[in-house]
Protein chains: 2
Amino acid sequence: MSEHKVISFDNIKVACRNCSLTSLCLPMGLTPEDVDQLDNIVRRSRPLHRGDHLFRQGDVFQCIYVVKTGTVKSFDPGEDGSEQVLGFHLPGEMIGLDAIETGYHHCSAKILETTAVCEIPFTRLEELSSIIPSLQHQMFRLLSREIGHDEDMLTLLGKRNAEERLASFLLSLSGRFQRRGFSPSDFYLSMSRHEIGNYLGLAVETVSRLFTRFQDEGLLKVERKHIQLMDIERLKQILHNDQGGGVRERQIP
Amino acid sequence: MSEHKVISFDNIKVACRNCSLTSLCLPMGLTPEDVDQLDNIVRRSRPLHRGDHLFRQGDVFQCIYVVKTGTVKSFDPGEDGSEQVLGFHLPGEMIGLDAIETGYHHCSAKILETTAVCEIPFTRLEELSSIIPSLQHQMFRLLSREIGHDEDMLTLLGKRNAEERLASFLLSLSGRFQRRGFSPSDFYLSMSRHEIGNYLGLAVETVSRLFTRFQDEGLLKVERKHIQLMDIERLKQILHNDQGGGVRERQIP
DNA sequence: CGCAATATTGACCACTCTCAATGAGGGTGG
DNA sequence: CCACCCTCATTGAGAGTGGTCAATATTGCG
């Protein structure tokens, strides 16, 4: 029966299975029956278009979202309109986990390119998690992963210079594309330079200059949104460059 | 029976109840019986001393820790010894949530001043969460809160200048002390200037200079570790100061 | 086709870091 | 109990990364 669904042409089911599989099920020992149960509570939304809001900060929290296709950015709109981009979400990635605590969305989420998402009503997901221990475990893992990722970003913003930040960003994208079966070295950016800079704590101009410099140094080719990483190894070297260089930052006794 | 424990002089039980209450139970509708069950799996560790490691990055993950008294700092030691301080944990706060994903600690944790913690074996906590839906919900909330807090830190590091960062840091401490019944305007820092700077993405010298400046401006009095906030309102104003000042950062269309 | 948004590039400047020297505590051992 | 040392904190001077302002492509959209 589970098999039936996988090979069926019931697009909605298959689509949802895809999202949930990627983020929720694949890594853990969920039985096919469990997956079916999960599938049953997952809803696929209408296609969303660039500029649409998936939700806004302060909205009542009802669903976790999983990107199926497209890209979503999450951001803190700030009290006065000064955004802070918190993340770019590619297919298979979840959005809205920060809303569980208060029941209201802690950040906003906006569509960067035509996107399909799966909606998972959180209350039902909780109910199911109580019944299926491995699903509960998987949920804990997902939340924990988010924390770990945010901590990595804190290190990026707290310790790395502009060059290292952009290299890290590109390599992150590269890896995420690769894991999803796309080219790790040839892709299109769905976000603007402005959004990249905002995300990395840099000015637009700095991002632009760095792209130019990276290109001049043969690290990549860039033409607007189109990126080709020519030397991934050297990009990785940038990350592990001068970390030990600063004697003073060596350690906190 | 639950009442009995509360008024008993079984210090260990009471101690553990205190931790679990603060972080795990208070905000949610756990019944006294649920709390008892939780108490039964919570262990109180021996007192730890300054410099001790609670755990190290890469250690096998077994327990969530809740600070009972004292202060703990969590940090990413970095591959070469360049630390990134990720947080300072006061009584009632949890440590180790980022380890759930992989089963290995994602960061290290070190004692800043003599500290007592409660250990909560995570496997048993998971088992209990399956049985007690409101505990599961509370766990999801705790993890979500951590994500939200990290996101706030990303905004701090990505958008705020040195002055705003230190003001935000002091106000955060102030609020957390107040919530625990201590003075919000008169407290001792358990971390060094170096650690504060590291946490805020600033050099030690910058932190030191800012303390001096804040004192000169009458915002606070500082003498080594002893801080007295003299004008909390003005400190808060610093946070909401020039955010709208930059026209260019107004919004991302 | 033309306007608006986006991106690139240059010049300048400022915030913060780095380097360096001094002072103040805190702990240890004589 | 004091001297010594080591770490931590403070302060000053100078430098540099990256931000700001501004002008000019370039693109995309109505």
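For the numbers below, each heavy atom of this structure counts, side chains included, while hydrogens, waters and symmetry mates do not. Numbered from 1 within each chain, the chains take letters A, B, ... in sequence-line order.
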**Report entry** Lys/Arg-Asp/Glu bridge criterion (N-O < 4.0 Å) met for B:Arg176, B:Glu93
**Finding:** yes
Query raised in the report: Between D:dT7 atom P and B:Glu195 atom CD, what is the distance in whole Å?
Result: 15 Å
Show the distances under 3.5 angstrom between N or O atoms of the protein and N or O atoms of nucleotides 10-13 of chain D.
| unit_1 | atom_1 | unit_2 | atom_2 | d |
| --- | --- | --- | --- | --- |
| D:dT10 | OP1 | B:Arg193 | NH2 | 3.1 |
| D:dT10 | OP2 | B:Arg193 | NE | 2.8 |
| D:dT10 | OP2 | B:Ser208 | OG | 2.7 |
| D:dT10 | O5' | B:Ser208 | OG | 3.0 |
| D:dT11 | OP2 | B:Thr212 | OG1 | 2.5 |
| D:dG12 | N7 | B:Arg209 | NH1 | 2.8 |
| D:dG12 | O6 | B:Arg209 | NH2 | 3.4 |

Query - Separation of atom NZ in A:Lys225 from atom P in D:dT26, rounded to whole Å - result: 17 Å
Query raised in the report: Rounded to the Å, how far apart are A:Arg160 CZ and C:dC17 P?
Result: 15 Å
Query raised in the report: Taking the inter-plane angle between the rings of B:His105 and B:Phe61 on a 0 to 90° scale, is it parallel (under 30°), tilted (30 to 60°) or perpendicular (over 60°)?
Result: perpendicular
Query raised in the report: Expressed in angstrom and rounded to an integer, what is the separation of A:Lys159 atom NZ from C:dT16 atom C1'?
Result: 14 Å
Report task. Classify the nucleic acid contact of B:Gly201 as base, sugar-phosphate or nothing, counting any heavy atom under 4.0 Å across all strands shown. Result -> sugar-phosphate
Report task. Indicate yes or no: does A:Glu83 engage A:Lys73 in a salt bridge with an N to O separation below 4.0 Å. Result -> yes
Requested in this report: Using whole Å, report how far CD1 of B:Ile196 lies from P of D:dA9.
Outcome: 8 Å
Query raised in the report: Is B:Glu119 salt-bridged to B:Arg43, cutoff N-O under 4.0 Å?
Result: yes
Report task. Any side-chain hydrogen bond (donor to acceptor under 3.5 Å, both in side chains) involving residues 207-225 of chain A? Give me the pairs, sequence neighbours left out, ordered by first then second residue. Result -> A:Glu163-A:Arg213
Query raised in the report: Is a side-chain donor-acceptor pair under 3.5 Å present for B:Ser108 with B:Gln57?
Result: no
Query raised in the report: For A:His194 and C:dT8, what is the distance between atoms NE2 and C1' respectively, to the nearest whole Å?
Result: 15 Å
Requested in this report: Whole angstrom is fine here: how far is it from CZ in A:Arg165 over to P in D:dG19?
Outcome: 8 Å
Report task. Would you mind reading off the distance between B:Asn161 atom CG and D:dG18 atom C1', rounded to a whole angstrom? Result -> 14 Å
